[in-house]
Amino acid sequence: MRVLFIHADYIEFEAKSKAMKAAEEIERKRERYEECLVAFISVEEGDSSLLHKAVDEIEDVAKKVNAERIVLYPYAHLSSNLAGASEAMDVLRNLEEEMKKRGYEVHRAPFGWYKSFVISCKGHPLSELSKEIKSEEKEEESEALKAEKRTTYWYIMDTDGNLHSVEEFDYRDYPNLKKFADYEISGSRAAKEIPPHVKLMQSLEIADYEPGSDSGNMRYYPKGKLIKALIEEYVESRVLDYGAMQVETPIMYDYEHPSLKSYLNRFPARQYIVLSGRDKYFLRFAACFGQFLMMHDATISYKNLPLKIYELAKYSFRREQKGELSGLRRLRAFTMPDMHTLARDLREAMEEFKKQYEMAIEVLRDFGLSLGDYEVAIRFTRDFYEENKEFIKELVRLVDRPVLIQMWDERFFYFVLKFEFNFVDSLNKAAALSTVQIDVENAERYGITYYDENGEEKYPYILHCSPSGAVERVIYAMLEKADMDAKKGKKPMLPVWLSPTQIRIIPVRDEFTGCAIQEMDYFAKEGFRVDVDDRDLTVSRKIRDAEKEWIPYIVVMGEKEKERDILTVRIRGDGVKEMKREELLEILRNETEGKPKRRLPLPPLLSERPRFR
RNA sequence: GCCACCGUAGCUCAGUCGGUGGAGCGCCACCUUGGUAAGGUGGAGGUCGCGGGUUCGAUUCCCGCCGGUGGCUCCA
């Protein structure tokens, strides 16, 4: 039900002609009421069950504006999902009855008529107000969330496995853990500034807002596209090494599909809705659906377990609230590496959980985020903890630092155990990166089964894993960390394997551009990203520009280098050194070993490059 | 979704108590041929976010919308 409230000096309306056969019979065509709260109402499908909630809402508003006279005005134009005429009329009549019982003077404009009306709105802050009164299903959900809050317990677990209360833990050596715990528990946040990574993503020509799209849908310039592609390739190779099978599934799903619908209703977040003719589809907010539907149709033996399916969910869509969107930290369209593992029992699920936990640590390390650059949260039900205390302690030992623990008396979500690695930025906001969950609910919901040794059909446990978290969020964390480094006086940079230009060669004069290009070809042939600044500028100026791009190795070419056949290399944050080209090659090989390689995303000569910003 | 602030050249921003606008950077041209974080001179470039309203006249005032940022709410 949708209601538009107007607190009015008066309303006057006149029924002109019937808009439908079912229109009510009326006595007076023209009516006028002074000093009243007018409720324009669209009755939607299924609203008969919402009567009491609607009455509460109307009374709530009436009390706020001190109105004793209420005019219920049927108004179909607030919704595209209207109830049938008979249901709507019943709901309106019942509303009238109930409001009268509560002691209000209630009038109702006739249903099913074209009416003219004049209204005088008082214009104070509460005089215009719209409300959407939602279904019972969603109401139950919010009750569940409230219950979750009542039975949630927070602790810090130290590396010896002892639980401390979050208030009393000594955070002296772990200031970020304190910030993370505050953020998680109280949700306190006091940021006033633009997050530092936003300026960096723009000035480094990585990503930018796209005013031509919905907010939270970014554009990625060539350098940003390169970084994303490398991160994606890297995560993909990690999970393939781990034994996953890569698949691809649709980005939109039938809104009315039974198992999807119950999942959607359990998590009433905001989806993008796509209309295909009259049919409604929602854009996926993770890769779960497609993979679950695929596994539902698969024939799986216990011999196939643990079975791992991986997909790069590009994109995943979540229509986050506008106020919540922020640079690359929280988007409406994002790229989510998403792996699901079927495990035969809890023991196997825990084994895989631990492997994936260790993989996530290594993955983040390769992005330049070490233990200590992020905070660990482990969440579980009390039952799980009682039966698996040693396992939890082991997880904490593996990261060798205290961890935020959240424990529930009952299971509110689909999982019994979950971890996340959270990056805490300079504005004290936390953002989850890697995560794994043990899901005990969706195998049944989606009808995913395997056959055990006795030929019996069983439900497996399902692990949800994103070893890195959203790709855009990895970039956010790297940029935020670089900014923190810069504030500490350290030169900010990306890991060498992710730097769009790894070597910049700067000829001292035009006549050396030729040798510079020769050197470039040497390194390019070895698979590194090299470019030449052939612009008509001073050496100082070209150095400055290269430094502003965070280029890790800057090579100046002139007489000296040509005669002695050496390279003068300015290593980022480490001064200028002379070396043979083979030495530089060796350094680069060490820096990028085992990481994916991609070619330079821009023309190799700087004079041929546009500026995107 | 609600509230607040913001939107002027490609970028960062100044300005107009209502009379169609500036700087630095970038871009283009010329000079300069350079040695580790900005060489010099000149030029081009604007529907002052979009749409209405008030006005003789709106970039400026008012309303609406769009976009950005922050707060609240929310975050599977």
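Below, chain A is the first sequence line, B the second, and so on; all start at residue 1.
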Expressed in angstrom and rounded to an integer, what is the separation of [X] atom [atom1] from [N] atom [atom2]?
| X | N | atom1 | atom2 | answer |
| --- | --- | --- | --- | --- |
| A:I505 | B:rG34 | CD1 | C1' | 18 Å |
| A:L331 | B:rC75 | CG | P | 19 Å |
| A:R379 | B:rC75 | CZ | C1' | 12 Å |
| A:K577 | B:rG35 | NZ | P | 24 Å |
| A:L325 | B:rU73 | CG | P | 17 Å |
| A:L328 | B:rG68 | CG | P | 13 Å |
| A:E57 | B:rG1 | CD | P | 18 Å |
| A:R318 | B:rG1 | CZ | C1' | 19 Å |

Exercise for review: Please examine the side chains of A:V471 and A:P337, heavy atoms only from C-beta on, and report whether any two atoms are closer than 4.5 Å.
Suggested key: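 They are in contact (side-chain heavy atoms under 4.5 Å apart), so the answer is yes.
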Quote, to the nearest angstrom, the [atom1] distance that separates [N] from [M].
| N | M | atom1 | result |
| --- | --- | --- | --- |
| B:rG46 | B:rU8 | P | 16 Å |
| B:rG51 | B:rU59 | C1' | 15 Å |
| B:rU41 | B:rG21 | C1' | 25 Å |
| B:rC65 | B:rG45 | C1' | 29 Å |
| B:rC62 | B:rC74 | C1' | 34 Å |
| B:rA44 | B:rG26 | C1' | 13 Å |
| B:rC61 | B:rG19 | P | 11 Å |
| B:rU54 | B:rA9 | P | 28 Å |

Practice item. Using a 4.0 Å heavy-atom cut-off across all strands, classify A:G327 as base, sugar-phosphate, or nothing. Key: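 Sugar-phosphate: the residue A:G327, judged by heavy atoms under 4.0 Å, touches backbone atoms but no base.
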Review point. If you look at every strand shown and take non-hydrogen atoms under 4.0 Å, does A:E511 touch a base, only sugar-phosphate, or nothing?
Key: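 Here A:E511 touches no strand at all.
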Check your understanding: For RNA chain B, what is the dot-bracket line, given that a base pair needs Watson-Crick (N1 to N3, plus N6-O4 or O6-N4) or G-U wobble (N1-O2 and O6-N3) geometry with both distances under 3.5 Å, and | means paired with another strand?
Key -> (((((((..((((.....[..)))).(((((.......))))).....(((((..]....))))))))))))....
Practice item. Please tell me which of A:Q202 and A:P507 maps to the more 5' nucleotide of RNA chain B, matching each residue to the nucleotide holding its nearest heavy atom. Key: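 The residue whose closest nucleotide sits nearer the 5' end is A:Q202.
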Review point. What pairs with A:F282 under ring pair (Phe, Tyr, Trp, His ring centres under 6.0 Å), at least two apart in sequence or on another chain?
Key: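 Partners of A:F282 under the ring pair (Phe, Tyr, Trp, His ring centres under 6.0 Å) test: A:F289.
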**Study point:** Counterpart residues, ring pair (Phe, Tyr, Trp, His ring centres under 6.0 Å), relative to A:Y255 (two or more places apart)
**Key:**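 With neighbours one apart ignored, the set is empty.
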Practice item. Could you run through nucleotides 36-46 of chain B and give me one letter per nucleotide, 5' to 3': B if any protein heavy atom sits under 4.0 Å from the base, S if only the sugar-phosphate is that close, - if neither? Key: BBBB-------
**Study point:** Closest to side chain of A:S215, choosing from B:rG71, B:rG67, B:rU33
**Key:**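 The nucleotide sitting nearest to the side chain is B:rG67.
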Check your understanding: For the side chain of A:R330 and the base of B:rC75, is some donor closer than 3.5 Å to an acceptor across the two?
Key ->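 Under the 3.5 Å cut-off, the side chain and the base do form a donor-acceptor pair.
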Salt bridge (charged side-chain N to carboxylate O under 4.0 Å, His left out) partners of [X], counting only residues at least two apart:
| X | answer |
| --- | --- |
| A:R284 | A:E311 |
| A:E320 | A:R330 |
| A:D338 | none |
| A:E578 | A:K560, A:R564 |

Review point. Is it the case that A:Y414 and A:Q437 place a side-chain donor and acceptor less than 3.5 Å from each other?
Key: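 Short answer, yes.
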Point to revise | Residue of the set A:D531, A:D545, A:D534, A:D533 for which salt bridge (charged side-chain N to carboxylate O under 4.0 Å, His left out) holds with A:R609 | key: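 That would be A:D531; it is the only one of A:D531, A:D545, A:D534, A:D533 passing the salt bridge (charged side-chain N to carboxylate O under 4.0 Å, His left out) with A:R609.
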Show me the donor-acceptor pairs, under 3.5 Å and distance only, between side chains in residues 565-577 of chain A and residues at least two apart or in other chains.
{"residue": "A:D565", "atom": "OD1", "partner": "A:R581", "partner atom": "NH2", "Å": "2.8"}
{"residue": "A:T568", "atom": "OG1", "partner": "A:E561", "partner atom": "OE2", "Å": "2.5"}
{"residue": "A:R570", "atom": "NE", "partner": "A:E547", "partner atom": "OE2", "Å": "2.5"}
{"residue": "A:R570", "atom": "NH2", "partner": "A:E547", "partner atom": "OE2", "Å": "2.8"}
{"residue": "A:R572", "atom": "NE", "partner": "A:P492", "partner atom": "O", "Å": "2.8"}
{"residue": "A:R572", "atom": "NH1", "partner": "A:E547", "partner atom": "O", "Å": "3.3"}
{"residue": "A:R572", "atom": "NH1", "partner": "A:E547", "partner atom": "OE1", "Å": "2.6"}
{"residue": "A:R572", "atom": "NH2", "partner": "A:P492", "partner atom": "O", "Å": "2.9"}
{"residue": "A:D574", "atom": "OD2", "partner": "A:K577", "partner atom": "NZ", "Å": "3.0"}

**Study point:** Residue pairs passing the ring pair (Phe, Tyr, Trp, His ring centres under 6.0 Å) test where at least one lies in residues 415-444 of chain A, sequence neighbours excluded
**Key:**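 Found A:F353-A:F419, A:Y357-A:F419, A:Y357-A:F421, A:Y374-A:F421, A:W408-A:F415, A:F413-A:F415, A:F419-A:F421, A:F423-A:Y476.
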Review point. What pairs meet the ring pair (Phe, Tyr, Trp, His ring centres under 6.0 Å) rule with one or both residues in residues 312-337 of chain A, with sequence neighbours excluded?
Key: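 Listed by first then second residue: A:Y272-A:F317.
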**Study point:** Sorted by number, the residues of residues 605-613 of chain A with heavy-atom contact under 4.0 Å to RNA chain B
**Key:**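 Close to the strand are A:R611, A:R613.
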Review point. Yes or no on salt bridge (Lys or Arg N to Asp or Glu O under 4.0 Å) for A:E511 and A:K562, after CA distance, side-chain angles and deciding distance?
Key: CA-CA 11 Å; A:E511 56 186 290; A:K562 195 176 178 186; over 6 Å; no
